[in-house]
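Heads up, the thing below is written out as structure tokens.
The figures that follow rest on heavy atoms only: side chains count, while hydrogens, waters and symmetry mates do not. Everything quoted here is computed from the prediction, not taken from an experiment.
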Amino acid sequence: MRERVVEELCADAWPAVTEERVLGWRFRAAAGFTLRANSGMPGAEAAEVSRVAPLLLAFAGTHGIVPRAQVVLGDPVEAGLRAFGWRPDHDSETLVLSGPLAALAGGARTSGAPPRPEGVPSRLVSVGGGRSHAVGVTGPPAAGPAHRVHLAPPGPAWWELTAGTGAPGAAERAVLAPARRGDHVVGFGASTVDGVPVAAVRGQVVGARGNRWLHVARLAVRPEHRRTGLARALVGALAGWAADRGAEHCVLQVTEGNRAARRLYEGLGCAEHHRYRYWSPG
């Protein structure tokens, strides 16, 4: 798929508080919560930068955010921004990884998670409809880590892991837990050990029927539980949940310097599709 088309799918899965379509661009603002939700992005039929840049500056000023443009690396828009006096933030370079959803689910079971102690099962359940998705050995409800996908944020601990606060504001809720729009449903994954949340992830299924994608974001594991296979198992639960809703592909963003996340997702069958970075006035 063309890079801008994939970017549109990712933007559908990351709604801002305010979004305007202007000359083929998306202008987005969310009180500064994440760069993606507070930037302009060219669509498939975007107008030239000379017409758009002054309007993006005005939009940013109105909403009290830093003016930024999210642009695919090597896209012709970059030359237009440079000519208009904007400069890239090289530290913001981000990889967009994609792959078949089946590999994401299967990789969670086979890609090297450490073995569990004998007799300690892992339970993986999709909550809110759909069949259960098991990784490892199915066991009694009280045993082992439980990995579940909910249809609403499962509490302050989930928010703390994914948004950095147990008491999210309007912007965090608008971006991470938006109201359902048609078939674009959000899943809130959580892993618990002895009833205590220790890992979280957010997923959203987007795209038209026959071309459904799972967008994966905000995967986080508490430090004392890392390198135990929880991340792989939780991503597997999310993939199974999305497959039940017609998804066949997955897409996610990882910053260029996040080598641990890159290794995780590449080990689960994802590969680099393209990269993007942010531009701002020089």
Residue pair Val251, Val6: steps toward the side chain to side chain contact (heavy atoms under 4.5 Å, CB included) verdict: CA-CA 8 Å; Val251 63; Val6 173; 4.0 Å; yes
Going through the checks in order, is the side chain to side chain contact (heavy atoms under 4.5 Å, CB included) test met by Arg4 and Val77? CA-CA 11 Å; Arg4 288 192 191 178; Val77 166; 3.2 Å; yes
Determine, step by step, whether Leu55 and Trp25 satisfy the side chain to side chain contact (heavy atoms under 4.5 Å, CB included) criterion, reporting the C-alpha distance in whole Å, the side-chain angles of both residues, the deciding distance to 0.1 Å, and the verdict. CA-CA 10 Å; Leu55 302 176; Trp25 286 60; over 6 Å; no
I'd like to know whether Arg277 forms a side chain to side chain contact (heavy atoms under 4.5 Å, CB included) with Leu73, so could you lay out the CA-CA distance, the side-chain angles of the two residues, the decisive distance to 0.1 Å, and finally the verdict. CA-CA 7 Å; Arg277 56 185 174 179; Leu73 199 67; 3.2 Å; yes
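Taking the side chain to side chain contact (heavy atoms under 4.5 Å, CB included) definition, one finds that Ala53 meets it with Val49, Phe84, Trp86, sequence neighbours left out. Applying the side-chain hydrogen bond (donor to acceptor under 3.5 Å, both in side chains) test to Gln253 and every residue at least two apart in sequence or in another chain returns Arg36, His215. When the side-chain hydrogen bond (donor to acceptor under 3.5 Å, both in side chains) test is applied to His63, no partner is found at least two apart in sequence or on another chain. Evaluation of the salt bridge (charged side-chain N to carboxylate O under 4.0 Å, His left out) rule for Arg21 yields Glu8, Glu19 as partners, not counting sequence neighbours. Every residue two or more places apart in sequence or in another chain was checked for a ring-ring contact (aromatic ring centres under 6.0 Å, His included) with Trp279, and none qualifies. In this structure, Asp89 has no salt bridge (charged side-chain N to carboxylate O under 4.0 Å, His left out) partners at least two apart in sequence or on a different chain. For Glu93, the side-chain hydrogen bond (donor to acceptor under 3.5 Å, both in side chains) partners two or more places apart in sequence, or in a different chain, are Arg275. Partners of Ser39 under the side-chain hydrogen bond (donor to acceptor under 3.5 Å, both in side chains) rule, at least two apart in sequence or in another chain, are Arg28. Considering only residues two or more places apart in sequence or on other chains, Glu256 meets the salt bridge (charged side-chain N to carboxylate O under 4.0 Å, His left out) condition with Arg262.
Residue Leu161 is found outside any hydrophobic cluster, as its side-chain heavy atoms come under 4.5 Å of no other Ile, Leu, Val, Met, Phe, Trp or Tyr. In the hydrophobic clustering, where aliphatic and aromatic side chains (Ile, Leu, Val, Met, Phe, Trp, Tyr) are joined below 4.5 Å either directly or transitively, Trp159 groups with Trp14, Phe33, Trp158, Val175, Leu176, Val186, Phe188.
Heavy atoms only, all atoms of each residue included: Ala199 and Val221 are closest at CB-CG2, 3.9 Å. Closest approach of Cys250 to Cys270, counting heavy atoms only: SG-SG, 3.7 Å. Residues Val17 and Ala171 come closest through the heavy atom pair CG2-CA, 3.8 Å. Heavy atoms only, all atoms of each residue included: Ala231 and Leu264 are closest at CB-CD2, 4.1 Å. Closest non-hydrogen pair, Leu238 versus Gly187, comes out as CD1-O, 4.2 Å. The two residues Asn38 and Ala30 come nearest to each other via the heavy atoms OD1-N, 2.7 Å.
A continuous path of hydrophobic side-chain contacts links Leu219 to Leu95 [ILVMFWY only; heavy atoms under 4.5 Å]. In terms of hydrophobic clustering, with Ile, Leu, Val, Met, Phe, Trp and Tyr side chains grouped at heavy-atom distances under 4.5 Å, Ile65 and Tyr278 are assigned to different clusters. In the hydrophobic clustering of ILVMFWY residues, with side-chain heavy atoms under 4.5 Å counting as a link, Leu234 and Val205 come out together.
Listed by first and then second residue, the salt bridge (charged side-chain N to carboxylate O under 4.0 Å, His left out) pairs involving residues 159-172 are Glu160-Arg222 (not counting sequence neighbours).
Although no hydrogens or angles enter the test, the distance criterion places no donor-acceptor pair under 3.5 Å between the side chain of Thr18 and the main chain of Ala16. For Thr162 (side chain) and Arg218 (main-chain N/O), no donor-acceptor pair under 3.5 Å exists by modelled atom type. A distance-only check finds a donor-acceptor pair linking the side chain of Asn258 to the backbone of Ala261 [under 3.5 Å]. Remark: the backbone N or O of Trp241 is paired with a side-chain donor or acceptor of Arg245 at under 3.5 angstrom. Listed for the His150 side chain is no donor-acceptor partner under 3.5 Å among the backbone atoms of Ala190. Not a single donor-acceptor pair under 3.5 Å links the side chain of Glu7 to the backbone N or O of Glu3.
Here the side chains of Pro145 and Ser191 are not in contact, with every heavy-atom distance at 4.5 Å or above. You'll find the side chain of His147 reaches within 4.5 Å of the side chain of Leu230, heavy atoms only. Residues Met41 and Val71 have side chains not in contact (no heavy-atom distance under 4.5 Å, counting atoms from C-beta outward). Using a 4.5 Å heavy-atom cutoff, the side chains of Pro15 and Pro178 are in contact. No side-chain heavy atom of Val206 sits less than 4.5 Å from a side-chain heavy atom of Arg212. Annotation: side chain of Trp213 is not in contact with side chain of Leu101 (no heavy-atom distance under 4.5 Å). The closest side-chain heavy-atom distance from Phe27 to Val52 is below 4.5 Å.
In the model, Arg202 has a side-chain atom that pairs as donor or acceptor with a side-chain atom of Gln204 under 3.5 Å.
Between the OG1 atom in Thr94 and the CG atom in Leu35 there is a gap of 8.0 Å [rounded to 0.5 Å]. Here the straight-line distance linking atom OG of Ser50 with atom CG of Leu81 works out to 10.5 Å at 0.5 Å rounding. Taken to the nearest 0.5 Å, the CG atom of Leu104 stands 5.5 Å off from the CG atom of Leu268. Taken from CG in Leu56 to CZ in Arg51, the straight-line distance is 14.5 Å, to the nearest 0.5 Å.
For the pair Glu20 and Arg26, the salt-bridge criterion is not met [side-chain N within less than 4.0 Å of a carboxylate O].
The number of heavy atoms from other shown groups lying within 6.0 Å of CD (Glu224) is above 12.
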